[in-house]
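Some notes on the structure that comes next.
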2 protein chains.
Amino acid sequence: MILHHSGRATAGRIGILATLLAEQKAITHREIEQRLPQSLQLDRVTLYRTLEWLVENGLIHKITSDDRVWRYHANHESHSHQHAHFKCTGCAQVICLDSLPTEQSWPLPTGYRFQEIELTVKGLCANCC
Amino acid sequence: MILHHSGRATAGRIGILATLLAEQKAITHREIEQRLPQSLQLDRVTLYRTLEWLVENGLIHKITSDDRVWRYHANHESHSHQHAHFKCTGCAQVICLDSLPTEQSWPLPTGYRFQEIELTVKGLCANCC
DNA sequence: ACAATGACGCAACATTGTTGCATTTGTATC
DNA sequence: GATACAAATGCAACAATGTTGCGTCATTGT
Ligand SMILES: [Mn+2]
Ligand SMILES: [Mn+2]
Ligand SMILES: [Zn+2]
Ligand SMILES: [Zn+2]
């Protein structure tokens, strides 16, 4: 748990990051709240702001989804900065796929500039199959 | 404007579909509301339900985004059922890319079943460059 | 110990979309 | 064309997720 970043290493930040590190999949604000220990009951807003801070400092990343809910996941070294995700259409679980969708230049209209790619594979997880 | 589908060909449905057909890019519920003619002032809920109906009947498709807003676009024959999208990080505009992201089997964990792919390229449009 | 700055908690708000239900409208049948 | 039925609409209330403002508390550097 290295927090050599702009800002303070508070109990909340450490606990939230630990929670995310302990999780294989990407989880929602709600799920994080539920997993936090009794000793770490913090306000929803603080949780939102802490997650934002962890994202800005490159310790976690967040994933958009079609259910309008952000999911958060720790930045393990195993997967690169940019990677694809899988979302189960049965249980809504989201996992990170380590394979990059290749930055093969996408044929954009002329004058358009490429920045990044966002790729989600949908299907059924092993449990929901 | 062929509406040989389950349900009625009401003024609202025809007007909304016409609005979407007249648009190059995918637009939001808000934007559709603004573009509707004076003679077609319908309730927000009706608009939501009509859009849902148009999606179910395969006349339009909707696109998820990181701003938690659905964008809708008519199903022109030019782009296939499955296609990628581009979102401008400057003006939030979304267009459909006609090139398919290839259904090359993504390496999912064992036991997982592939259903579909959702791909958004982000960058700057010609105006925002 | 003190002051400055950052983090936190609480309340209120914003946005987007959904649900229930009564009323209206379109369509098939007569 | 009138009638009956089902579908579509309008309105109000609700739900879920996330944001903003601001006063208070805690951490850190001096
Ligand atoms: Mn990920
Ligand atoms: Mn499209
Ligand atoms: Zn599942
Ligand atoms: Zn743009």
Side-chain angles (χ1 to χ4, degrees), chain A residues 1-20 26-57 59-73 87 92 94, chain B residues 1-20 26-57 59-73 87 92 94:
Chain A
M1 231 94 59
I2 343 101
L3 291 179
H4 299 150
H5 297 85
S6 68
R8 299 172 183 166
T10 66
R13 289 176 178 174
I14 292 171
I16 291 167
L17 180 55
T19 303
L20 290 175
I27 56 178
T28 65
H29 176 275
R30 262 308 152 78
E31 292 168 322
I32 297 169
E33 230 175 4
Q34 294 163 351
R35 281 161 178 71
L36 281 178
Q38 204 74 12
S39 54
L40 249 185
Q41 295 297 0
L42 31 78
D43 193 71
R44 328 181 305 117
V45 178
T46 303
L47 180 47
Y48 276 118
R49 292 202 260 236
T50 301
L51 289 169
E52 193 186 346
W53 182 88
L54 288 168
V55 169
E56 284 167 358
N57 286 84
L59 296 168
I60 66 174
H61 63 281
K62 64 177 179 178
I63 305 152
T64 185
S65 172
D66 52 9
D67 59 6
R68 320 180 344 115
V69 180
W70 290 106
R71 285 178 176 76
Y72 301 86
H73 192 233
K87 177 165 186 197
V94 173
Chain B
M1 230 94 62
I2 342 99
L3 291 179
H4 299 150
H5 297 84
S6 68
R8 299 171 183 169
T10 67
R13 289 176 178 176
I14 293 171
I16 291 168
L17 180 54
T19 302
L20 290 175
I27 56 179
T28 65
H29 177 276
R30 263 307 153 80
E31 292 169 321
I32 297 169
E33 232 173 4
Q34 293 163 351
R35 282 161 177 71
L36 282 178
Q38 203 75 11
S39 53
L40 250 184
Q41 297 296 3
L42 30 77
D43 193 71
R44 328 181 305 119
V45 178
T46 304
L47 180 47
Y48 275 117
R49 292 201 261 233
T50 302
L51 290 169
E52 192 185 347
W53 183 87
L54 289 168
V55 169
E56 284 169 356
N57 286 86
L59 295 167
I60 66 174
H61 62 282
K62 63 177 179 178
I63 306 151
T64 186
S65 171
D66 51 11
D67 57 9
R68 317 179 347 117
V69 180
W70 290 106
R71 284 178 176 77
Y72 301 87
H73 193 233
K87 177 166 186 196
V94 172

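Basis for what follows: all heavy atoms, side chains included, without hydrogens, waters or symmetry-related copies. Chain A is the first sequence line, chain B the second, and so forth, proteins listed ahead of strands; every chain is numbered from 1.
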Nearest-nucleotide wise, let me know which of A/Arg44 and A/Arg49 is further upstream toward the 5' end of DNA chain C. A/Arg49

Measure from CG on B/Leu40 to P on D/dA8 and round the result to the nearest Å. 16 Å

Partner residues of B/Arg35 under the side-chain hydrogen bond (donor to acceptor under 3.5 Å, both in side chains) criterion, sequence neighbours left out: B/Glu23

Taking the inter-plane angle between the rings of B/His29 and B/Tyr48 on a 0 to 90° scale, is it parallel (under 30°), tilted (30 to 60°) or perpendicular (over 60°)? parallel

From the candidates D/dA8, C/dG17, D/dG18, the one with an atom nearest any side-chain atom of A/Trp70 is D/dG18

If the cut-off is 4.0 Å, is A/Thr10 near the phosphate of C/dA7, judged by side-chain N/O to OP1 or OP2? no

With respect to the side chain of A/Val69, which nucleotide from D/dA8, D/dG18, C/dT16 is positioned closest? D/dG18

Could you state the CZ-C1' distance from B/Arg30 to C/dG17, rounded to the nearest angstrom? 11 Å

Answer yes or no: does a side-chain N or O of B/Arg13 lie under 4.0 Å from OP1 or OP2 of D/dA8? yes

Take the protein atom CZ of A/Arg71 and the nucleotide atom P of D/dA16, then report the distance between them rounded to whole Å. 15 Å

Between A/Gly12 and B/Glu52, just flag the one whose closest nucleotide in DNA chain C comes earlier from the 5' side. A/Gly12

Between C1' of D/dG18 and CG of B/Asp67, the distance in whole Å: 13 Å

Do A/Thr19 and A/Leu40 have side chains that approach each other closer than 4.5 Å (heavy atoms only, starting at C-beta)? no

Supply the atom-to-atom distance A/Ile16 CD1 to A/Thr10 OG1, rounded to the nearest 0.5 angstrom. 7.5 Å

Per B/Val45 side chain, nearest of listed nucleotides D/dA7, C/dT18, D/dG18: C/dT18

What is the distance, rounded to the nearest whole Å, between atom CG of B/Leu47 and atom P of C/dT16? 13 Å

Considering just the side-chain nitrogens and oxygens of A/Thr50, establish if one lies under 4.0 Å of OP1 or OP2 belonging to C/dA7. no

B/Arg68 or B/Gln41, whichever maps to the more 5' nucleotide of DNA chain D: B/Gln41

In whole angstroms, how far is the P atom of C/dC13 from the OH atom of A/Tyr48? 19 Å

Rounded off to whole Å, could you give me the CZ-to-P distance for the A/Arg8 and C/dA4 pair? 14 Å

Just so I know, are the side chains of A/Trp70 and A/Thr64 near enough to count as touching, which here means a heavy-atom distance under 4.5 Å? yes

Taking atom P of C/dT15 as reference, at what distance in whole Å does atom CG of B/Asp66 sit? 18 Å

Look at the side chain of A/Asp43 and decide which nucleotide, out of C/dC10, D/dT27, D/dG10, has an atom nearest to it. C/dC10

Between D/dA8 and B/Thr46, is there an OP1 or OP2 to side-chain N/O distance shorter than 4.0 Å? no

